[in-house]
Amino acid sequence: MKLALQQLCRDGLDVLFPRSCVHCGRAVEAGSFRHLCPFCAPLLHLVRSPHCTTCGHPFFGDMAEDRLCEHCETLHPVFGEGRTAILLQGAGRSLIHALKYHRALHVLEDIVTAMRQAPGYADYARGAVLVPVPLHPRKLRERTYNQALLLAECLAQATDGEAEVQQLLQRVADTHTQTHFDRETRRENLKNAFALAPGATLNPTYRYLLIDDVFTTGSTLNSCAAVLRRGGALSLDVATFGHG
């Protein structure tokens, strides 16, 4: 009954306030995504095997199994494995940019749907402690929310509650934006940028999964992973929503 009432209210709101596609602007009337139209939803590139075991980027062409990609051979990851749900292009880029830069929190329900539809992505997170990459307090005040925390909560929802979110890290250095830096510059920029959050304790028997919005060079994830390793995390992997 409760679900039926919720759906009735949602349908009523859709009549009063028609939804538009975050990618092309067309009206959204049907489909599994509420903010991607039937023309753009198929353009969402969900990642499947084979893919890189460190960053999750898919391999194209004739490839029988997962392996390390050329990009990650020089990363020297502090973490174990990595997964990503989508490629950051087209409709996928529009989803993450709407969340990250335009305060479009309504796209979170579509992000949960994408996480559920990406083959093996939700299963990869089941049973893990999800640790979002933190924002510096100044940046958090400016944006008003941490997108990595929201994505961790989305992933917990995609696992049907079979994963737990814990904010175990803090960002102690207000570093410059990483957008236009290469890997080496990012690494230098992030030295001593992260620390364990006050009162945070890690259980060596737990599996921890670092969560961030996008995998680019892996420098941010590696910096956070190093802190968690020093804090006692023995089983440590990463997951991002997008790659690009």
Side-chain angles (χ1 to χ4, degrees), residues 46-49 51-58 66 68-69 71-72 75-88 92 96 99-100 108 111-135 145-171 190 193-197 199-244:
L46 300 173
V47 173
R48 63 185 70 244
S49 262
H51 54 70
C52 175
T53 54
T54 294
C55 69
H57 194 282
D66 298 344
L68 196 67
C69 73
H71 169 86
C72 288
L75 175 60
H76 308 299
V78 182
F79 52 88
E81 296 185 46
R83 294 288 186 277
T84 195
I86 66 167
L87 285 186
L88 198 67
I96 199 65
L99 172 65
K100 191 171 181 178
L108 290 171
I111 287 174
V112 173
T113 299
M115 288 176 168
R116 283 178 168 151
Q117 290 187 2
Y121 185 77
D123 289 338
Y124 170 72
R126 294 187 196 281
V129 175
L130 311 181
V131 183
V133 170
L135 288 179
Y145 58 87
N146 177 6
Q147 71 276 2
L149 173 58
L150 296 180
L151 290 170
E153 292 170 346
C154 284
L155 185 50
Q157 186 177 341
T159 67
D160 300 314
E162 295 183 36
E164 176 187 358
V165 179
Q166 291 186 16
Q167 298 185 66
L168 300 176
L169 294 170
Q170 62 176 335
R171 192 160 191 152
L190 290 167
F194 301 99
L196 285 179
T201 58
L202 282 79
N203 187 324
T205 67
Y206 289 177
R207 176 176 175 245
Y208 293 92
L209 192 60
L210 263 172
I211 307 296
D212 206 1
D213 52 359
V214 176
F215 194 108
T216 46
T217 68
S219 300
T220 299
L221 290 163
N222 238 7
S223 296
C224 289
V227 174
L228 293 176
R229 287 291 195 204
R230 291 194 295 269
L234 299 181
S235 179
L236 176 60
D237 298 311
V238 304
T240 60
F241 178 61
H243 192 301

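Just so you know, residue 1 is the first one in the sequence shown, and it goes up from there.
Under the 4.5 Å side-chain criterion, counting only non-hydrogen atoms from C-beta, L99 is in contact with L151. Residues M115 and I86 fail the side-chain proximity criterion, which asks for heavy atoms closer than 4.5 Å.
The salt bridge (Lys or Arg N to Asp or Glu O under 4.0 Å) test applied to R126 returns D123, E162, not counting sequence neighbours. Scored by the salt bridge (Lys or Arg N to Asp or Glu O under 4.0 Å) test, E81 finds R83 as partners (sequence neighbours excluded). A search for side chain to side chain contact (heavy atoms under 4.5 Å, CB included) contacts involving A163 returns L130, T159, not counting sequence neighbours. In this structure, the side chain to side chain contact (heavy atoms under 4.5 Å, CB included) partners of L234, at least two apart in sequence or on a different chain, are P204. In this view, H51 satisfies the ring-ring contact (aromatic ring centres under 6.0 Å, His included) rule with no residue, not counting sequence neighbours. Residues meeting the side chain to side chain contact (heavy atoms under 4.5 Å, CB included) test with Y206, sequence neighbours left out: V129, N203, Y208.
Among V133, L168, D212, the single residue meeting the side chain to side chain contact (heavy atoms under 4.5 Å, CB included) criterion with C224 is V133. Checking L68, N222, T217 one by one against L75, the side chain to side chain contact (heavy atoms under 4.5 Å, CB included) holds for a single residue, N222.
Cation-pi contact between R229 and F194: absent, since separation from the ring centre below 6.0 Å together with deviation from the ring axis within 45° is not met.
For the atom pair CG (L149) and CG (D213), the distance works out to 12.0 Å, reported to the nearest 0.5 Å. Rounding to the nearest 0.5 Å gives a distance of 12.0 Å between CG of L228 and CZ of F79. Rounded to the nearest 0.5 Å, atoms CD (Q167) and CG (N146) are 7.5 Å apart.
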Go through the steps for V214 and T240 under the test side chain to side chain contact (heavy atoms under 4.5 Å, CB included), then give the verdict. CA-CA 5 Å; V214 176; T240 60; 5.7 Å; no
